[in-house]
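In listed order, ligands and their atoms are each counted from 1. Each residue takes its place number in the sequence, starting with 1.
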Amino acid sequence: MSHRSYIPGDETRLMTIQRYIAQEERMHPEATGEFSTLLRNLALAAKIVSREVRRAGLVNILGRATTTNVSGDDVKKLDVFANAMIINALESGGQLCVMASEENETVIPIPEEFPCGKYAMLFDPLDGSSNIEANVTIGTVFSIFRRVSGGCRGTDEDVVQPGIKQVAAGYIMYGSSTIMVFTTGNGVQGFTLDPTIGSFLLSHENMRIPKKGNIYSVNEGNRLFWDEGFRRYIEYLQASDSTDGRPYKSRYVGSMVADVHRTILYGGIFAYPGDRQNPQGKLRLMYEANPMAFLVEKAGGRATDGSRRILEIVPTDVHQRVPVFLGSFEDVTLAEEFIAGKH
Ligand code: AHG
Ligand code: MN
Ligand code: MN
């Protein structure tokens with residue numbers, strides 16, 4: 001009988017999010033522990049949302065709610081649940097000064113009865129909501145900034161900061177397994193939820209996006225509305241040339257979390273361009289583009305709006321939209337060149 005599958009002292013096998021954050025904090029003696037508590041509370045919310053997503057077909061909470069969200073999209077009941085659960089898990093912890101959600105028109109204050117803290121958090125509670133009823137992968141996206149307003153209760157100012165100021169960002173993907181991927185500024189780590197013990201365990205250490213891939217990911221139904229440059233770029237990827245991996249494969253889940261996760265792992269490009277109907281595209285700068293851009297850059301990739309680095313865009317409205325091109329460094333650079341009319 002072999003005992004080799006258990007290696008005493010092999011800590012990476014049991015690296016939970018808690019241990020990882022505690023280890024990171026030991027390297028920063030000035031850390032107060034506030035941030036690790038915030039991530040722990042977020043992981044707890046993620047586990048509860050994950051459980052509801054897993055039970056969704058059983059408990060009859062699917063189906064359309066009667067409301068639409070502030071961006072005009074249909075809201076499914078699971079979105080409403082995820083939104084409430086995340087607010088609930090985070091508002092009382094004492095680490096946040098204010099929150100903002102894709103589902104709430106105005107910023108979400110921290111109620112007076114709870115202590116407030118030095119961070120502001122923005123989130124998309126359930127991304128890919130059109131996929132919920134089809135049992136297709138969905139996710140939660142989050143973005144964390146340091147408070148910049150004066151008082152302890154935050155204001156709009158705290159949630160409309162440029163992406164470059166993020167101190168952490170990540171997503172939780174409810175796919176064939178549940179995985180939480182985040183960065184606190186050094187490297188991107190992925191923790192897979194082991195449902196039998198209820199812990200997120202380090203499964204994807206220091207994720208690096210390939211320099212170049214052979215997959216493009218875009219909603220081609222909008223092709224007729226695309227700008228000439230982007231249309232020519234996609235045609236270029238579809239042309240055959242065995243020396244550089246063309247034709248590219250096409251993959252599009254329609255849940256940004258899933259499409260970005262695959263892009264980080266396999267490389268290539270994910271795009272939601274602006275077009276003649278929607279010049280700013282569909283994705284929201286603060287809830288979707290910024291956190292994903294932060295992750296992709298920290299994994300060695302690139303994220304732009306076609307010409308500007310997404311992280312450098314100075315926001316004016318917490319719900320504003322932005323065209324998105326992100327993924328492998330070389331693929332995104334080439335897309336920008338086509339958009340600029342260089343090819
Ligand atoms: P949400 O469900 O939070 O509204 O976001 C959906 C987004 C994003 O997940 C995805 O990349 C994109 O919408 C898909 O849009 P199309 O259906 O227009 O392709
Ligand atoms: Mn979304
Ligand atoms: Mn959403």
Side-chain angles (χ1 to χ4, degrees), residues 45-46 49 52-53 56 62-65 67-87 99-105 108 121-143 169-175 181 215-226 230 234 250-264 268-293 295-296 303 305 310 318-327:
V49 174
E52 286 312 303
V53 168
L62 292 181
R64 280 163 206 275
T67 51
T68 52
N69 71 11
V70 289
S71 305
D73 308 319
D74 288 325
V75 175
K76 304 291 195 299
K77 285 178 185 167
L78 212 47
D79 301 34
V80 177
F81 174 85
N83 196 39
M85 185 48 62
I86 293 168
I87 294 170
M99 286 182 260
S101 163
E102 186 197 88
E103 303 294 343
N104 292 57
E105 193 153 359
I108 305 161
M121 189 176 97
L122 297 98
F123 57 96
D124 178 355
L126 216 54
D127 171 74
S129 35
S130 70
N131 279 323
I132 295 175
E133 283 162 276
N135 215 338
V136 172
T137 296
I138 49 184
T140 297
V141 192
F142 64 92
S143 165
Y171 56 81
I172 299 104
M173 185 177 87
Y174 315 104
V181 173
I215 299 173
Y216 71 89
S217 187
V218 67
N219 182 346
E220 293 196 70
N222 295 329
R223 179 190 178 93
L224 284 182
F225 308 119
W226 290 345
F230 185 69
I234 295 297
S250 162
R251 295 283 186 273
Y252 190 69
V253 177
S255 294
M256 187 191 196
V257 171
D259 285 315
V260 170
H261 186 67
R262 184 202 54 247
T263 303
I264 293 175
I269 185 167
F270 166 81
Y272 208 112
D275 62 35
R276 264 192 289 123
Q277 288 205 314
N278 299 297
Q280 294 305 308
K282 177 180 184 189
L283 300 175
R284 293 87 173 163
L285 175 61
M286 303 307 296
Y287 308 109
E288 295 167 322
N290 264 339
M292 293 311 199
L295 284 167
V296 164
D305 71 349
I310 283 174
V318 73
H319 292 301
Q320 79 189 68
R321 298 173 193 263
V322 67
V324 172
F325 304 84
L326 62 78

Undergrad: Pick one of side chain, backbone, both or neither for how Ser129 approaches ligand 1, counting any non-hydrogen atom pair under 4.0 Å.
TA: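 Both parts.
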Undergrad: For Leu126, take its heavy atoms, then give the atoms of ligand 1 lying under 4.0 Å from any of them.
TA: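 By the 4.0 Å cutoff, the relevant atoms are 2 (O), 3 (O).
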Undergrad: With the threshold set at under 4.0 angstrom, would you say Ser255 reaches ligand 1 through any of its heavy atoms?
TA: yes
Undergrad: Is Phe270 close to Arg251 at the side-chain level, that is, under 4.5 Å between some pair of heavy atoms?
TA: no
Undergrad: Give a yes or no answer on whether the side chain of Thr263 reaches the backbone of Gly327 with a donor-acceptor pair at less than 3.5 Å.
TA: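 Not at all, since once roles are kept as given, no pair shorter than 3.5 Å links the two residues.
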Undergrad: Would you indicate which of Tyr252, Tyr287, Tyr272, Phe270 comes nearest to atom 18 (O) of ligand 1 when only heavy atoms are counted?
TA: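 Heavy atom nearest to atom 18 (O) of ligand 1 belongs to Tyr272.
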Undergrad: Which atoms of ligand 1 are found less than 4.0 Å from any heavy atom of Met256?
TA: 8 (C), 9 (O), 10 (C), 11 (O)
Undergrad: Given atoms O of Leu126 and OE1 of Glu102, what angle do they subtend at the Mn ion (ligand 3), to the nearest 10 degrees?
TA: 170°
Undergrad: Would a 4.5 Å heavy-atom cut-off, applied to side chains only, mark Leu126 and Tyr174 as touching?
TA: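 With C-beta onward as the side chain, the pair touches.
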Undergrad: N/O/S atom of Gly128 under 2.8 Å from the Mn ion (ligand 3), yes or no?
TA: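 No N, O or S atom of Gly128 is closer than 2.8 Å to the Mn ion (ligand 3), so no.
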Undergrad: Within the structure, does Ser130 bring an N/O atom to less than 3.5 angstrom of an N/O atom in ligand 1?
TA: no
Undergrad: For a side chain to side chain donor-acceptor pair (under 3.5 Å) with Tyr287, tell me which candidate from Glu102, Glu103, His319 qualifies.
TA: His319
Undergrad: Give, for atom CD of Glu288 and atom NZ of Lys282, the distance between the pair rounded to the nearest 0.5 Å.
TA: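 Between atom CD of Glu288 and atom NZ of Lys282 there are 8.0 Å.
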Undergrad: Around atom CG of Asn219, are there more than 12 heavy atoms of other residues, nucleotides or ligands at under 6.0 Å?
TA: yes
Undergrad: Is any side-chain heavy atom of Val53 closer than 4.5 Å to a side-chain heavy atom of Leu78?
TA: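 In short, these two side chains touch, coming nearer than 4.5 Å.
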Undergrad: Tell me whether Asn219 has any N or O atom under 3.5 angstrom from an N or O of ligand 1.
TA: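 For ligand 1, there is an N or O atom that lies under 3.5 Å from one belonging to Asn219.
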Undergrad: Is the shortest side-chain heavy-atom distance between Leu285 and Ile310 below 4.5 Å?
TA: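 Leu285 vs Ile310: side chains touch.
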Undergrad: Nearest 10° is fine: what angle sits at the Mn ion (ligand 2) between OE2 from Glu288 and OD1 from Asp127?
TA: 100°
Undergrad: Using a 4.0 Å heavy-atom cut-off, which part of Arg284 comes near ligand 1: side chain, backbone, both, or neither?
TA: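 The part of Arg284 near ligand 1 is the side chain, not the backbone.
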Undergrad: Do Val136 and Val253 come close enough that some side-chain heavy atom pair is under 4.5 Å?
TA: yes
Undergrad: Under 3.5 Å, N or O to N or O, is Val257 touching ligand 1 that way?
TA: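 Checking ligand 1 against Val257, no N or O pair falls under 3.5 Å apart.
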Undergrad: Anything under 30° is parallel, anything over 60° is perpendicular, the rest tilted; go ahead and classify Tyr171 against His261.
TA: perpendicular
Undergrad: For atom 9 (O) of ligand 1, which candidate among Leu283, Asp127, Val253 provides the closest heavy atom?
TA: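 The nearest heavy atom belongs to Asp127.
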Undergrad: Could you verify whether a donor N or O on one side chain and an acceptor N or O on the other, from Ser143 and Asn290, lie under 3.5 Å apart?
TA: no
Undergrad: For ligand 1, which atoms, with element, lie under 4.0 Å from some heavy atom of Asp124?
TA: 3 (O)
Undergrad: Consider ligand 1: state whether an atom of it lies below 4.0 angstrom from any non-hydrogen atom of Asp79.
TA: no
Undergrad: What atoms of ligand 1 come within less than 4.0 Å of a heavy atom belonging to Glu288?
TA: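 Close to Glu288: 3 (O), 5 (O).
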Undergrad: Which of the N/O/S atoms in Asp124 sits closest to the Mn ion (ligand 2)?
TA: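 Output for this pair reads OD2.
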Undergrad: Would you mind listing which atoms of ligand 1 come within a distance below 4.0 Å of any non-hydrogen atom of Glu102?
TA: 3 (O), 4 (O)
